[in-house]
Peer 1: 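There's a structure below that I have some questions on.
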Amino acid sequence: LAICAVIFIVGILKEGVTPQNILNTFMVAVSLAVAAIPEGLAAVVTIVLSIGVTKMSKRNAVIRKLTAVETLGCTQVICSDKTGTLTQNKMTVVKHEGSDIKRLVSVMALCSDAEPDENGEAVGEPTECALVNDAQKEGCPKKSLSVQYPRVGEAPFDSMRKRMTTIHRANDGTYFSCTKGAPDEILKRCTSIWRDGRKQPITEAFRQEILSQNKAMADQALRVLAAAGRAWNQMPSSQEPDFLEQDLCFLGLCGMIDPVRPEVVDAIRECRGAGIRPVMITGDHKDTAVAIAKELGILEVGWKAVTGAEIDQLSDEELDRRIEEYAVYARVQPEHKVRIVDAWKRKGRITAMTGDGVNDAPSIKRADIGIGMGITGTEVSKDAASMVLADDNFATIVKAIRNGRNIYENIKKAILFLLSGNFAAILVVLFNSLLGLPVPFAAIHLLFINLLTDSLPAIGLGLEPHSEEVMKRKPRNANESILTRPFLGEIALYGVVIAIAVASAFLMGNKTSAALGMTMAFAVLCSARLFHGFSCKKKGPVIFSKDFFNNKFGLMAFGLGMVFLNSVLLVPQLKGLFKIADMTGMQFAWIYILSFGSMLVIQLIKAIFFTKSEK
């Protein structure tokens with residue numbers, strides 16, 4: 001705008017203060033301002049984001065807020081749930097510890113909300129389905145158990161106490177309760193143990209044996225649940241957990257495996273290369289979480305695991321100081337997730353947090369990128385999220401980050417294209433004004449250039465094919481401006497190269513007449529900017545590489561642009577409208593020599609200065 005003002009003042013001083021001169025000079029200055037400001041950028045950004053988001057949704061990453069796409073590219077820490085996100089959420093019981101396996105699996109099945117379908121396969125929450133299917137395999141089908149021992153009461157599972165209890169009526173009119181849950185929590189409530197076909201007092205030796213069995217299973221990446229029971233002479237007078245879950249008889253342990261998603265291992269490795277820190281958050285036992293984290297590559301040498309109980313012992317200052325030491329958070333409650341997110345954010349890390357429950361909504365909301373689960377997630381958690389995973393898969397998060405980075409890079413390419421081309425137009429007009437030469441463009445020329453080159457070619461650059469290379473760089477600083485000094489340097493340098501070609505065309509035509517000089521300058525600026533679209537495709541040189549022709553949208557934009565430009569230059573009816581002077585064949589050839597030449601010069605600059613940095 002300042003340059004436009006200077007041009008207006010210089011034009012008035014040169015042509016004289018007359019109403020006609022003021023009007024003509026003012027029209028040129030305004031037209032130049034219109035051409036200089038990339039008012040199409042807002043539309044380009046919105047279109048590129050919208051198309052990118054649509055593509056991401058087809059790959060199971062549903063973006064609920066467009067601004068989340070930019071933040072995705074800055075993500076430095078991914079706090080991910082384990083079950084279903086890092087693993088397949090297909091639980092299978094593979095090991096039992098107990099003296100009476102049939103009694104153990106029967107109690108597990110009775111104390112589960114999963115029910116068998118008509119084919120005998122359990123339907124419900126994966127862990128409970130695994131227990132019901134296990135009972136079926138051991139010859140204790142839940143359908144028969146439910147008829148023989150109908151459920152008459154329950155204390156539902158609670159994440160705080162990590163237990164669930166159901167009450168059942170036996171055929172003889174007595175009652176018994178079945179309790180299942182975390183082994184350490186169940187063990188605290190047991191006063192006896194079922195061994196050798198009878199109930200025996202539980203001793204310290206028994207407790208240590210059970211804890212040792214639990215650790216051995218957990219070290220094998222098994223999720224371990226314990227079962228206990230109690231007989232009642234009559235229906236319990238209260239269904240409060242504290243009343244039901246006391247004086248229990250320990251029955252045994254079930255170890256189940258939830259296989260890791262094979263694609264997640266590669267996704268974790270890709271995160272490492274992209275400078276992203278993946279951490280695991282789970283309600284599982286610490287040993288189980290550590291075993292799986294090692295299998296996935298999340299827990300490496302020098303990093304630690306921490307439990308929710310241990311986090312409770314840390315002040316916010318202590319947690320901030322130690323947060324980078326931890327790669328695994330086990331036995332975590334929803335409130336711990338909020339503290340974990342806040343600690344990473346206070347470290348200045350752009351943090352993504354996954355969640356699926358109602359209680360996860362605060363941590364999802366607090367994270368820079370909140371991620372809800374499309375399959376297992378509640379509506380509350382989805383509403384709080386910036387992005388929803390349709391497949392609940394960690395690998396989809398990494399794909400979304402890759403897409404976010406690519407979309408951001410493509411938008412930068414469009415900005416580079418727009419601003420460098422517009423800067424060239426300003427420089428040429430300023431050059432002519434300072435040297436006292438005629439104005440190089442008519443107002444209609446600038447408006448045509450603006451319409452032709454600030455729309456389709458910019459959108460074409462925004463739709464450049466995505467590159468895997470973006471995941472070999474560290475995340476950019478979220479507070480970093482798009483217009484960094486190196487980027488502004490590129491804009492200025494490319495603008496100068498194009499401006500030299502346009503000014504050369506004007507001087508060449510001006511030897512014959514000002515009208516011819518104006519025509520050649522207009523034509524070179526149009527065509528040079530169309531060729532410049534190829535130069536903006538990548539940081540390094542693109543000519544003579546396969547990347548030159550890899551974008552059909554860019555090629556279509558270039559082709560249409562050339563058709564429109566040559567129509568204006570050659571069709572008689574349009575020549576008069578756009579103030580186009582007659583040209584010889586050689587003058588017409590010089591337009592494309594200079595235009596293509598400017599692209600070659602820019603490619604040479606890229607080859608010299610940017611090839612090494614791109615590698």
Peer 1: Give, for atom OG1 of Thr67 and atom CD1 of Ile369, the distance between the pair rounded to the nearest 0.5 Å.
Peer 2: 8.0 Å
Peer 1: Can Asp392 and Thr376 be said to form a side chain to side chain donor-acceptor pair (under 3.5 Å), step by step?
Peer 2: CA-CA 8 Å; Asp392 291 9; Thr376 60; 3.0 Å; yes
Peer 1: Roughly how far, to the nearest 0.5 Å, is the NE2 atom of His466 from the CE atom of Met471?
Peer 2: 12.5 Å
Peer 1: Taking NZ, NE, NH1 and NH2 as the nitrogens, is one of them in Glu128 or Lys142 under 4.0 Å from a carboxylate oxygen of the other?
Peer 2: no
Peer 1: Between Pro278 and Arg272, is any pair of side-chain heavy atoms under 4.5 Å apart?
Peer 2: yes
Peer 1: Provide the closest heavy-atom pair for Ile292 versus Ala221 in the form atom of the first, atom of the second, distance.
Peer 2: CG1-CB, 3.6 Å
Peer 1: Report yes if some heavy atom in the side chain of Arg331 is under 4.5 Å from a heavy atom in the side chain of Asp184; otherwise report no.
Peer 2: yes
Peer 1: Can you name the closest pair of heavy atoms from Ala293 and Val328 and give their distance?
Peer 2: CB-CG2, 3.4 Å
Peer 1: Do any N or O atoms from the side chain of Lys304 and from the backbone of Glu325 form a donor-acceptor pair under 3.5 angstrom?
Peer 2: no
Peer 1: Where is the tightest heavy-atom contact between Ile298 and Val279, given as atom of each residue plus distance?
Peer 2: CG2-CA, 4.2 Å
Peer 1: I want to check something: taking the side chain as every heavy atom from C-beta on, are Tyr329 and Cys79 in contact at a cut-off of under 4.5 Å?
Peer 2: no
Peer 1: Does Lys90 offer a backbone N or O that forms a donor-acceptor pair with the side chain of Asp258 under 3.5 Å?
Peer 2: yes
Peer 1: Quick one: does any side-chain atom of Thr288 pair with a main-chain N or O of Leu222 as donor and acceptor, under 3.5 Å?
Peer 2: yes
Peer 1: Calculate, to the nearest 0.5 Å, the distance between atoms CD1 and OG belonging to Ile63 and Ser386 respectively.
Peer 2: 8.0 Å
Peer 1: Checking Arg339 against Trp344: charged group under 6.0 Å from the ring centre and within 45 degrees of the axis?
Peer 2: no
Peer 1: If the threshold is 4.0 Å, N to carboxylate O, is there a salt bridge linking Glu185 and Lys188?
Peer 2: yes
Peer 1: Which residue in the set Leu251, Leu248, Thr166 passes side chain to side chain contact (heavy atoms under 4.5 Å, CB included) when paired with Cys178?
Peer 2: Thr166
Peer 1: Mark yes or no: Lys537 above the aromatic ring of Phe548, with NZ or CZ under 6.0 Å from the six-membered ring centre and no more than 45 degrees from the axis.
Peer 2: no
Peer 1: For the pair Asn393 and Glu263, evaluate side chain to side chain donor-acceptor pair (under 3.5 Å) and give the outcome as yes or no after the intermediate values.
Peer 2: CA-CA 9 Å; Asn393 192 338; Glu263 67 273 17; 2.5 Å; yes
Peer 1: Would you say Gln88's side chain and Val260's backbone share a donor-acceptor pair under 3.5 angstrom?
Peer 2: yes
Peer 1: Would Lys345 and Asp342 pass as an ion pair if we require N to O under 4.0 Å?
Peer 2: no
Peer 1: So does Leu110 get a backbone contact from the side chain of Arg151, meaning a donor-acceptor N/O pair under 3.5 Å?
Peer 2: yes
Peer 1: Kindly determine whether Met91 and Asn133 satisfy side-chain contact (heavy atoms from CB on, under 4.5 Å), including the steps that lead there.
Peer 2: CA-CA 10 Å; Met91 289 286 189; Asn133 289 334; over 6 Å; no
Peer 1: Using a strict threshold of under 4.0 Å (side-chain N to carboxylate O), is an ion pair present between Glu310 and Lys286?
Peer 2: yes
Peer 1: Test Arg261 against Thr87 for side chain to side chain donor-acceptor pair (under 3.5 Å), laying out the working first.
Peer 2: CA-CA 5 Å; Arg261 292 180 182 266; Thr87 61; over 6 Å; no
Peer 1: Side chains of Glu464 and Asn551: any donor to acceptor distance under 3.5 Å?
Peer 2: yes
Peer 1: Are any of the side-chain nitrogens in Lys365 or Asp383 under 4.0 Å away from the carboxylate oxygens of its partner?
Peer 2: no
Peer 1: Checking the side chain of Asn60 only, and the main-chain atoms of Asp391 only, is there a donor and an acceptor separated by less than 3.5 Å?
Peer 2: no
Peer 1: Can we say Glu245 and Arg189 salt-bridge, meaning some charged N sits less than 4.0 Å from an Asp/Glu carboxylate O?
Peer 2: no
Peer 1: Before accepting this row, confirm whether a basic side-chain N of the pair Lys82/Asp284 lies closer than 4.0 Å to the acidic partner's carboxylate O.
Peer 2: yes
Peer 1: Before accepting this row, confirm whether a basic side-chain N of the pair Glu490/Lys539 lies closer than 4.0 Å to the acidic partner's carboxylate O.
Peer 2: yes
Peer 1: Salt-bridge test for Asp81 and Lys337: reply yes if a basic N is under 4.0 Å from a carboxylate O, no otherwise.
Peer 2: yes
Peer 1: Indicate yes or no: does Glu468 engage Arg402 in a salt bridge with an N to O separation below 4.0 Å.
Peer 2: yes
Peer 1: Enter the distance from Ile268:CD1 to Ile276:CD1 here, rounded to the nearest 0.5 Å.
Peer 2: 10.0 Å
Peer 1: Let me know which of Arg476, Lys65, Lys412 forms a salt bridge (charged side-chain N to carboxylate O under 4.0 Å, His left out) with Glu70.
Peer 2: Arg476
Peer 1: Excluding sequence neighbours, so at least two apart, what forms side-chain contact (heavy atoms from CB on, under 4.5 Å) with Gln333?
Peer 2: Ser159, Met160, Lys162, Glu335, His336
Peer 1: Residues two or more places apart in sequence or in another chain: which of them pass ring-ring contact (aromatic ring centres under 6.0 Å, His included) with Tyr149?
Peer 2: Phe176
Peer 1: Are the side chains of Leu104 and Cys254 in touch, meaning some heavy atoms are under 4.5 Å apart?
Peer 2: yes
Peer 1: Is the count of non-hydrogen atoms from other residues, nucleotides or ligands lying under 6.0 Å from Lys552 atom NZ greater than 12?
Peer 2: no
Peer 1: Would you confirm whether Arg269, through its side chain, and Ala267, through its main-chain N or O, come within 3.5 Å as a donor-acceptor pair?
Peer 2: no
Peer 1: Measuring from atom OG of Ser481 to atom CZ of Phe487, what distance do you get when rounded to the nearest 0.5 angstrom?
Peer 2: 9.5 Å
Peer 1: Test your reading of the model: is there a side-chain donor-acceptor pair from Glu318 to the backbone of Ser315, 3.5 Å cut-off?
Peer 2: yes
Peer 1: Which atom pair, heavy atoms only, marks the closest approach of Val264 to Thr85?
Peer 2: CG2-O, 3.9 Å
Peer 1: Hey, does Thr127 have a side-chain heavy atom less than 4.5 Å from the side chain of Thr83?
Peer 2: no
Peer 1: To the nearest 0.5 angstrom, please state how far the CG atom of Asn214 sits from the CE atom of Met217.
Peer 2: 8.0 Å
Peer 1: Taking the basic N atoms (NZ, or NE/NH1/NH2) and the acidic carboxylate oxygens, is any pair closer than 4.0 Å for Asp158 and Arg163?
Peer 2: no
Peer 1: Is Asn410 reaching over with its side chain to a backbone N or O of Ile407, donor-acceptor style, under 3.5 angstrom?
Peer 2: no
Peer 1: Please evaluate residues Ile371 and Met373 with respect to the criterion side-chain contact (heavy atoms from CB on, under 4.5 Å), reporting the C-alpha separation (whole Å), side-chain torsions for both, the decisive distance (0.1 Å), and the verdict.
Peer 2: CA-CA 7 Å; Ile371 304 172; Met373 300 294 115; 4.1 Å; yes
Peer 1: Is Arg277 paired with Glu324 through a side-chain N to carboxylate O contact shorter than 4.0 Å?
Peer 2: no
Peer 1: Heavy atoms, side chains only, cut-off 4.5 Å: are Thr179 and Leu244 in contact?
Peer 2: no
Peer 1: Between Pro457 and Phe417, is there a side-chain heavy-atom distance shorter than 4.5 Å?
Peer 2: yes
Peer 1: Distance-only, no hydrogens or angles: does the Arg366 side chain make a donor-acceptor pair with backbone N or O of Val338 under 3.5 Å?
Peer 2: no
Peer 1: Looking only at heavy atoms, which two atoms of Pro38 and Leu419 are closest? And how far apart?
Peer 2: CG-CD2, 3.6 Å
Peer 1: Do the side-chain N and O atoms of Thr378 and Ser381 include a donor-acceptor pair separated by under 3.5 angstrom?
Peer 2: yes
Peer 1: Taking all non-hydrogen atoms of both residues into account, name the closest pair between Cys129 and Gly124 and its distance.
Peer 2: SG-N, 3.1 Å
Peer 1: With a 4.5 Å heavy-atom cut-off, do Lys95 and Gln220 have their side chains touching?
Peer 2: yes
